[in-house]
Amino acid sequence: MKTPTNKSIACAVHDYIEVACLYGYRLELWLLNGSQRSGVALTTRTQAGSEWLVLEDGSGNFELELNQIARIRALTDNQYFTELDVQPGHCNL
């Protein structure tokens, strides 16, 4: 995992991530470094100005810094979103 960068993502993306955590969606994530991860969205957290998504993949929990995510696809059918391009932005949560 990369060192936290303190950059923020767009508020609209935060909203979809919160929905995914609320309903426990299974997500597939493409990271800026070219790697892919998938897991069930559990929660988000902040630490030292960085925001993290906590997921579970069957072998345990793992965390990804939100601003290191390039794209998210919902593997769980839902009415809110299918795929999101994660854009940088400013969001006061």
Ser59 meets the side-chain hydrogen bond (donor to acceptor under 3.5 Å, both in side chains) criterion, sequence neighbours left out, with Asp57

Can you list everything that forms a side-chain contact (heavy atoms from CB on, under 4.5 Å) with Ser35? Sequence neighbours excluded, please. Leu31, Asn33

With clusters defined by side-chain heavy atoms of hydrophobic residues (ILVMFWY) lying less than 4.5 Å apart, directly or transitively, does Ile72 cluster with Leu75? no

Salt bridge (charged side-chain N to carboxylate O under 4.0 Å, His left out) contacts in which one or both residues fall within residues 25-35, not counting sequence neighbours: Glu28-Arg73

Which residues pass the salt bridge (charged side-chain N to carboxylate O under 4.0 Å, His left out) test with Asp85, not counting sequence neighbours? none

At what distance, to the nearest 0.5 angstrom, does OH of Tyr25 lie from OH of Tyr80? 6.0 Å

Same apolar cluster: Val54 and Val19, side chain cutoff 4.5 Å: no

Distance-only side-chain donor-acceptor flag, Glu18 / Thr44, under 3.5 Å: yes

Distance col, row Leu53:CG vs Leu29:CG, nearest 0.5 angstrom, shows 6.5 Å

Kindly say whether Val13 contributes a backbone atom to a donor-acceptor pair with the side chain of Asp15 at under 3.5 angstrom? no

Residues in side-chain hydrogen bond (donor to acceptor under 3.5 Å, both in side chains) with Arg71, at least two apart? Glu83

Spatial distance of atom CH2 (Trp30) from atom OG (Ser38) [nearest 0.5 Å]: 9.5 Å

Does a side-chain heavy-atom distance below 4.5 Å link Val40 with Leu55? no

To the nearest 0.5 angstrom, please state how far the CD atom of Glu65 sits from the CH2 atom of Trp52. 4.5 Å

Are there over 12 heavy-atom neighbours, none belonging to Phe81, within less than 6.0 Å of that residue's CZ? yes

Are Arg45 and Glu51 within salt-bridge range, i.e. N to O under 4.0 Å? no

Can you name the nearest heavy-atom pair linking Leu27 to Ala74, along with the distance? CD2-CA, 3.9 Å

In this structure, OG1 of Thr76 is separated from OH of Tyr23 (nearest 0.5 Å) by 13.0 Å

Does Ile17 reach the side chain of Leu66, with side-chain heavy atoms less than 4.5 Å apart? yes

